[in-house]
Amino acid sequence: MGPAGRGCRTESSLLCPQLEDDHIVAVFVVTFDPRSGNIVEWCLPQDMDLEGVEFKSMASGSHRVQSDFIYFRKGSFFGLACFANMPVESELERGARMKSVGILSPSYTLLYRYMHFLENQVRHQLEIPGHYTPLEAFYEDKKGILPPGVNVQACQPTVHWLSTVHKHLYPEMKITHPAGCMSQFIKFFGEQIFVLWKFALLRKRILIFSPPPVGVVCYRVYCCCCLANVTLPGVGATAPESKPFFYVNVADIETLDDEVSYVACTTEKIFEQKQDLYDVYVDNQNVKTHLERLQPLLRVNSADKEKYRRLNDQRQLLMYTQEVDGDCSSCEEDLFILFFMEQNNRIFQTLLEVAASQDKTLTADHARSMGLDPQGDRNFLLDLLEVYGFDLMLVIDNPCCP
């Protein structure tokens with residue numbers, strides 16, 4: 001099961017026993033009104049608290065694009081909305097009609113199933129506004145049925161984050177994406193992917209800025225979360241959970257202020273000035289941090305270059321195998337997830353072994369065996385020990401000393 005596997009039974013699933021992860025808890029239509037701004041024009045169920053969804057499902061700056069899709073979080077639920085912008089000959093609508101059709105669910109991993117439906121429905125809403133019959137039928141078919149007396153707002157499922165996933169079950173956590181999404185992520189950031197990897201593994205607050213369209217940036221949030229998977233039992237109990245918030249806007253400032261770890265994206269440049277909300281700010285391909293203690297982690301070291309070379313070699317081998325053998329069963333996403341999962345497990349397996357030893361001393365040889373640069377990754381290792389609660393002595397000579 002993935003981070004939101006159907007086998008999970010939590011307190012909230014006892015409260016809402018029939019609300020499964022692939023059920024829809026709400027469906028809605030958001031429109032841009034020239035006089036009132038973004039508004040929820042229709043929704044089911046009618047008593048669902050959708051405050052703020054009108055801004056989450058229509059990103060700031062969306063008027064500049066023809067279509068987009070957005071993943072977001074609303075309370076304990078996750079949302080997916082498809083946006084479209086159609087020119088119209090109407091002075092009242094100022095020449096453009098803009099709408100989003102979206103859904104909420106307890107899990108983001110299964111929202112992709114409805115992407116095509118939402119894309120069709122938003123075009124339908126633009127062409128025939130106010131015709132909700134297909135959406136009503138969809139909700140009746142997919143809704144999570146709540147027991148009598150349980151209020152929709154009161155039923156808040158525990159959020160299952162992408163954290164520890166069993167190695168043999170990891171494909172369950174995938175979300176569908178355009179072909180080559182992981183490949184684009186690697187090519188986009190290049191060697192800096194290992195800078196992001198360190199920040200993700202340290203459970204830092206990572207905020208990615210990009211102008212619309214925001215859909216591809218939501219996938220970068222997902223890819224970032226995939227960097228931090230650890231599947232060894234007993235690892236990460238003391239570390240904060242890495243939470244994919246996907247798209248956020250100024251209305252989420254209060255929520256983000258309470259978070260100690262998250263990955264999110266935004267189209268609102270004002271966030272860059274609010275440095276108390278994030279540890280790492282990613283603007284296009286520029287990864288930066290205002291925190292002095294994290295500055296050394298921005299440098300790509302020799303071990304990072306070697307890992308990047310290995311990752312590219314494995315990708316090339318995969319593509320060659322697919323071409324020669326016609327084997328399409330292995331995909332690049334699997335390779336990507338496994339590469340970082342195995343790299344992380346290698347690090348924590350070494351830390352667990354050293355923690356079980358008599359002298360509990362971590363040396364330069366240990367660092368090299370973990371695929372790290374003893375000097376270049378010294379600060380990263382110190383932070384890692386602290387975040388994951390390892391009481392070890394780090395003995396790595398300072399290169400400036402004889």
Side-chain angles (χ1 to χ4, degrees), residues 24-105 111 114-115 117-140 142-143 151-153 211-215 218 245-256 264-271:
I24 302 304
V25 297
V27 58
F28 56 86
V29 178
V30 166
T31 191
F32 174 75
D33 184 288
R35 293 179 300 273
S36 311
N38 295 10
I39 58 169
V40 177
E41 71 170 64
W42 176 90
C43 69
L44 279 179
Q46 293 179 351
D47 61 343
M48 186 70 174
D49 174 19
L50 293 178
E51 185 183 355
V53 159
E54 66 270 30
F55 300 108
K56 291 174 182 290
S57 58
M58 200 178 284
S60 177
S62 287
H63 61 279
R64 299 190 194 101
V65 298
Q66 283 194 312
S67 63
D68 201 0
F69 64 92
I70 307 169
Y71 282 88
F72 60 90
R73 183 185 164 203
K74 163 65 178 165
S76 294
F77 298 114
F78 290 93
L80 170 63
C82 288
F83 165 84
N85 180 355
M86 184 176 79
V88 290
E89 292 182 11
S90 165
E91 286 186 24
L92 191 64
E93 295 176 280
R94 297 180 189 171
R97 185 176 296 158
M98 291 178 279
K99 292 181 185 286
S100 278
V101 176
I103 52 177
L104 292 181
S105 173
L111 288 171
Y114 310 116
M115 177 88 77
F117 172 78
L118 295 174
E119 286 172 340
N120 286 337
Q121 285 304 304
V122 74
R123 299 308 310 179
H124 180 74
Q125 287 299 318
L126 287 175
E127 291 159 8
I128 316 174
H131 182 64
Y132 308 117
T133 306
L135 292 173
E136 290 167 349
F138 170 81
Y139 178 70
E140 284 304 312
K142 303 295 182 185
K143 68 181 178 181
N151 185 282
V152 172
Q153 288 96 317
V214 77
C218 288
F245 269 68
F246 298 107
Y247 177 73
V248 294
N249 57 30
V250 289
D252 296 299
I253 286 175
E254 195 174 319
T255 302
L256 293 179
C265 62
T266 189
T267 59
E268 300 184 22
K269 196 72 174 172
I270 192 171
F271 271 97

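- Each of Glu41, Gln125, Gln121 was checked for a side chain to side chain donor-acceptor pair (under 3.5 Å) with Lys99, and the lone residue meeting it is Glu41.
- Residues Asn85 and Ser62 come closest through the heavy atom pair ND2-O, 4.4 Å.
- Residue Glu136 places its CD atom among more than 12 non-hydrogen atoms of other residues, nucleotides or ligands, all under 6.0 Å distant.
- Partners of Tyr132 by ring pair (Phe, Tyr, Trp, His ring centres under 6.0 Å), not counting sequence neighbours, listed by chain and number: Trp42.
- Inter-residue side-chain proximity for Ser67 and Cys82 is flagged as unmet; no heavy-atom pair is nearer than 4.5 Å.
- Taking both residues in full, the closest heavy atoms of Ala84 and Arg123 are given as CB-NH1, 3.4 Å, listed atom of the first, atom of the second, then distance.
- Side-chain contact between Leu135 and Phe117 is present, with at least one heavy-atom pair separated by less than 4.5 Å.
- The shortest distance between side-chain heavy atoms of Ser105 and Tyr114 does not fall below 4.5 Å.
- Between Met48 and Phe77, some side-chain heavy-atom pair lies under the 4.5 Å cut-off.
- When all heavy atoms are compared, the tightest approach of Asn249 to Thr266 is CA-OG1, 4.4 Å.
- In terms of heavy atoms, Ile39 sits closest to Ser36 at CG2-CB, 4.1 Å.
- Considering all non-hydrogen atoms of both residues, Leu111 and Leu80 come closest at O-CD2, 3.5 Å.
- Residues Ser60 and Tyr247 share a closest heavy-atom pair of N-OH, 3.2 Å.
- Salt-bridge formation is detected for the pair Lys56/Asp252: a Lys NZ or Arg NE/NH1/NH2 atom is positioned less than 4.0 Å from an Asp or Glu carboxylate oxygen.
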